[in-house]
Amino acid sequence: MSGQIPEETIEEIRKSNDIVDVVGEYVQLKKQGRNYFGLCPFHGEKTPSFSVTQDKQIFHCFGCGKGGNAVTFLMEIEGYSFFDALKHLADKSGLSLPESYQASDSQQNVSTENQDVLRAYEWLTKLYHHLLRHTKEGKEGYQYLIDRGFTDNIIDTFQLGFSPSSREFIVQFLEKKGFHPQTMVKAGLLSMNDQQQISDRFRGRVIFPIRNHLGKSIAFGGRSINNQEPKYLNSPESELFHKGKLLYNFDLARSNIRKKEEAVLFEGYVDVISAYKAGVTNGVATLGTSITEAQAKLLRRYVDTVVICYDADKAGIQASYKAAKILKNAGCTVKVANMPDGTDPDEFIQQYGGERFKTEVIDLSDTYMSFLMRYLKRDYNLNLEGDRIQYVESVLDEVALIERPVEREHYLKELANEFELSMDTLSQEIQARRQKIGPRQDKIGQKSNTIMAKAPYKAKKLLPAYHNAEKQLISYMLNDRTIAEKVKEELGGAFNVENHQVIVTYLYAHYEEGHGPNVSHFVEKLPDPSIQGLVVEIAMMPIHQDISDREINDYIRLIRNEHSDEAKIKSLKAEQKMAEKQNEPVKAAQIAMEILEIRKQLKNSNH
């Protein structure tokens with residue numbers, strides 16, 4: 001699997017990258033006991049069942065069963081080849097891989113066409129930025145950004161650029177670099193009119209590179225500066241660019257989101273950049289669309305709290321309401337920035353400055369419920385008795401969904417004071433609503449550490465004694481080479497469960513190659529992700545450091561007995577069939593009784 005890369009180089013890369021740091025770039029991890037827990041990035045869940053064990057350098061999800069080490073994690077989440085995952089880890093730790101291996105790495109996870117598109121985006125990002133900063137063709141775009149309050153530092157940080165008005169300049173540039181015009185049209189870098197003429201899609205516009213989470217440009221946003229329609233123009237969707245899965249500036253904001261334990265969600269890239277300039281460096285934005293479930297789940301993996309900071313006009317407030325609901329459903333703690341009516345974040349920053357934006361808008365954000373109460377009021381005339389009652393009813397419906405009793409009481413008091421209602425009456429209304437919702441609601445969003453650690457095990461069905469004995473024995477074999485050698489000598493591959501046979505076969509080979517008991521290293525040898533997951537699950541089972549030979553012998557005997565009994569049953573079944581063929585019903589019945597007796601004894605020994 002590692003090809004020509006020397007084993008010592010791989011080991012050096014492994015040791016230079018702590019799995020907690022690697023996984024922590026994709027999942028918000030919280031320490032509980034010796035392990036770290038978070039929401040699994042491989043399947044949707046609201047209660048963390050994804051565990052990372054630092055001392056063994058492995059991860060395991062008790063929900064979906066995936067498991068492995070830092071390398072296999074990157075292969076799974078990024079679609080990397082083994083080499084790409086190692087290279088990523090090497091780059092992170094300042095190490096290098098042999099060029100000879102790089103040249104021979106034939107495993108490509110990105111098609112040749114998409115690689116060309118990525119390279120074209122890389123070239124154009126540099127070219128557009130150069131044109132903006134250093135040429136007379138870009139002066140118009142540069143002046144527009146300066147007038148909007150952008151600095152050279154911000155322009156460089158976000159690699160902002162300008163596309164000249166010439167129809168052919170970019171087309172000729174890409175052709176000279178060896179890119180086929182039709183491929184560039186398909187990728188949305190160039191456009192073709194009805195006369196089959198090809199030109200730059202973004203000509204005459206200020207360019208905002210749209211990067212994926214690895215920092216690679218995969219699309220552009222173009223802002224017109226001369227009343228060109230439309231005002232904003234994005235690259236079309238492609239294999240590389242999915243608007244509903246990507247958040248603008250996520251690559252730069254990710255570490256700040258984790259540090260501040262909060263993300264700020266904007267509507268567009270100009271707001272993100274203005275906020276960044278103002279010191280709000282944990283801001284991201286959707287790309288001209290409402291937030292999707294996929295984007296909400298992405299944010300939830302990294303952070304609990306999301307502040308929505310949309311325009312304070314009618315459309316923006318409506319969009320805030322929709323976004324708040326989607327983020328809440330994804331398990332986020334939602335706040336909504338309280339912008340002055342009719343303003344947007346960029347305008348506020350330009351008018352009042354960055355410090356006031358941070359202290360008066362972001363820091364004083366409304367809670368989800370406060371925003372919701374304000375939002376719902378818009379639909380009612382509270383001077384009318386009927387509307388007042390309907391408004392109170394709609395707020396009670398929302399308060400009933402709140403889990404924390406203290407929080408529920410807080411909002412009930414607000415209602416009681418505002419509308420001169422008794423707390424007893426409101427509490428009765430809440431109780432009735434929560435009874436209708438049922439007990440399921442009480443479990444949503446629970447974050448008890450006990451539940452995090454123990455709930456995943458409860459779903460496991462009761463396994464036969466020999467099955468558990470095999471798993472327990474393998475866990476000791478993974479931890480101790482001497483035990484593995486003893487089992488190899490006495491049992492070999494004679495395990496009853498097929499997957500266990502596969503694991504021990506690879507484990508014997510692993511030790512024969514001179515490796516020590518390192519499960520993080522061992523899982524890389526396994527070809528099947530499901531087997532990798534099983535090995536990690538077994539490796540995380542609790543074991544006694546000073547297990548006796550007698551206990552190991554008990555496990556071996558239990559496995560061997562099951563193996564010999566099953567072999568005997570198989571042989572008796574063959575005899576039974578033969579007796580039936582030879583028309584000997586009495587003999588067949590006697591054999592059937594013998595089989596039943598063996599199974600009965602087996603059942604009794606397993607309980």
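Along the sequence shown, the residues carry numbers beginning at 1.
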Measuring only between side-chain heavy atoms, which start at C-beta, is [X] closer than 4.5 Å to [Y]?
| X | Y | answer |
| --- | --- | --- |
| N35 | T53 | yes |
| L298 | F250 | yes |
| Q28 | L39 | no |
| T333 | Y368 | no |
| D311 | P345 | yes |
| C309 | F357 | yes |
| R211 | N249 | yes |
| L95 | S16 | yes |

When the ring centroid of [X] is compared with that of [Y], is the distance short of 6.0 Å?
| X | Y | answer |
| --- | --- | --- |
| Y248 | F208 | no |
| F220 | Y121 | yes |
| F158 | Y276 | yes |

Roughly how far, to the nearest 0.5 Å, is [atom2] of [Y] from [atom1] of [X]?
| X | Y | atom1 | atom2 | value |
| --- | --- | --- | --- | --- |
| K15 | Q57 | NZ | CD | 11.5 Å |
| T281 | L252 | OG1 | CG | 9.5 Å |
| L265 | S320 | CG | OG | 8.5 Å |
| I10 | H521 | CD1 | NE2 | 7.0 Å |
| D152 | T157 | CG | OG1 | 10.5 Å |
| I474 | E537 | CD1 | CD | 11.0 Å |

Practice problem: Answer yes or no for R205 and Y128: cation-pi contact, defined as NZ/CZ to six-membered ring centre under 6.0 Å and angle to ring axis within 45°. | Solution: no
For residues [X] and [Y], report the shortest heavy-atom separation together with the two atoms involved.
| X | Y | answer |
| --- | --- | --- |
| V303 | E261 | CG2-C, 3.1 Å |
| P517 | D480 | CB-N, 4.2 Å |
| I291 | I326 | O-CD1, 3.3 Å |
| V270 | F150 | CG1-CZ, 4.3 Å |
| A120 | M184 | CB-SD, 3.5 Å |
| F266 | A275 | CZ-CB, 3.4 Å |

Practice problem: With L478 as reference, evaluate I538, N518, V536, I543 under the side-chain contact (heavy atoms from CB on, under 4.5 Å) test and give the passing residue. | Solution: I538
A quick test of your reading: do over 12 heavy atoms of other residues, nucleotides or ligands sit less than 6.0 Å from [atom1] of [X]?
| X | atom1 | result |
| --- | --- | --- |
| E25 | CD | yes |
| K325 | NZ | yes |
| E237 | CD | yes |

Quiz item: Out of F59, F50, F73, which residue meets the ring-ring contact (aromatic ring centres under 6.0 Å, His included) rule with Y26?
Solution: F73
Donor-acceptor pair, distance only, cut-off 3.5 Å: does the side chain of [X] make one with the backbone of [Y]?
| X | Y | result |
| --- | --- | --- |
| E45 | C40 | yes |
| K56 | A539 | yes |
| T183 | F179 | no |
| Q532 | V523 | yes |
| E262 | T305 | no |
| N114 | L240 | no |
| E78 | M75 | no |
| R133 | Y142 | no |
| R201 | S235 | no |
| Q295 | L246 | yes |

Judged by modelled atom types alone, do [X] and [Y] share a side-chain donor-acceptor pair under 3.5 Å?
| X | Y | result |
| --- | --- | --- |
| E360 | N338 | no |
| H129 | D156 | yes |
| K66 | T72 | no |
| N234 | Y269 | yes |
| E524 | N69 | yes |
| T367 | S370 | yes |
| S530 | D528 | yes |

Going by an N to O cut-off under 4.0 Å, is there a salt bridge joining [X] and [Y]?
| X | Y | result |
| --- | --- | --- |
| E11 | R14 | yes |
| R119 | D116 | yes |
| K216 | D251 | no |

Quiz item: When you look at I170 and S163, which way does the side chain to side chain contact (heavy atoms under 4.5 Å, CB included) test go after all the steps?
Solution: CA-CA 8 Å; I170 297 299; S163 177; 4.3 Å; yes
Quiz prompt | side chain to side chain contact (heavy atoms under 4.5 Å, CB included) between F522 and H515, intermediate numbers included | solution = CA-CA 9 Å; F522 173 59; H515 302 298; over 6 Å; no
Self-check item: side chain to side chain contact (heavy atoms under 4.5 Å, CB included) evaluation trace for I207 with L124
Solution: CA-CA 10 Å; I207 301 296; L124 283 189; over 6 Å; no
Quiz prompt | Aromatic plane relationship, H134 with H130 - under 30° parallel, 30 to 60° tilted, over 60° perpendicular | solution = tilted
Quiz prompt | CA sep, side-chain torsions, deciding dist, call: N153, K277, side chain to side chain contact (heavy atoms under 4.5 Å, CB included) | solution = CA-CA 9 Å; N153 182 46; K277 182 168 66 78; over 6 Å; no
